[in-house]
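Start at 1 with the first residue, then count along the sequence.
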Amino acid sequence: MPLRKKPIEKMYFSPKEVAEAVGEDLHTLYYWEETFDLQIARGRGGHRRYTKRDLELLNLIHSLIRERKYTTEGVKQYLQYPDKERNRQKVLINLRTSLHEVEEMLKAMNAYKLAHGKVTTEDREDLFE
């Protein structure tokens, strides 16, 4: 019975393979490598050898620049603090929720004042804005 060979996943990718996978030209990848101070491994002959992690990082950079329209400085900051944006989104959601709760409490207080005659005519204009 012949042995079945299991396909071996590649550990390293050539610059051409990475350029095709990311959808960018080689010179763009080299520019990003220099601009964003990416540490790309090199073989004995000095040729670049990209790992899966490098490929994921370059796909992220591609997405940030091409799809989300980040500037070079914006990408640098994002790479330096990747959780900052996620945390920023959580904070904004919490603030919106809190603001909504405060608005509801103010409306309830004003309705109570109005029902119990504790509102002057000047106050009535701003009651439900």
Practice item. Could you please spell out the steps behind the side chain to side chain contact (heavy atoms under 4.5 Å, CB included) verdict for Leu79 and Ile61? Key: CA-CA 9 Å; Leu79 294 176; Ile61 292 171; 4.1 Å; yes
Check your understanding: Does the side chain of Tyr70 reach to within under 4.5 Å of the side chain of Gln77, using non-hydrogen atoms?
Key -> no
**Study point:** Side chain to side chain, Leu38 and Asp54, heavy atoms closer than 4.5 Å
**Key:** no
Check your understanding: Considering residues, nucleotides and ligands other than Glu104, do more than 12 of their heavy atoms fall under 6.0 Å from its CD?
Key -> yes
Heavy-atom closest contact ([X] atom, [Y] atom, distance):
X: Lys10; Y: Lys52; answer: O-CE, 4.2 Å
X: Glu17; Y: Tyr12; answer: OE1-O, 4.5 Å
X: Leu29; Y: Glu24; answer: CD2-CB, 4.3 Å
X: Pro15; Y: Tyr50; answer: CA-CE1, 3.6 Å

**Study point:** Near-ring test Tyr112/His116, centroid separation under 6.0 angstrom
**Key:** yes
Review point. If only atom types and distance count, is the side chain of Asn59 paired as donor or acceptor with the main-chain N or O of Glu56 below 3.5 Å?
Key: no
Check your understanding: Does Phe13 have Arg48 sitting over its ring (NZ/CZ under 6.0 Å from centre, angle to axis within 45°)?
Key -> no
Review point. Between Glu33 and Arg42, is there a side-chain N and carboxylate O pair less than 4.0 Å apart?
Key: yes
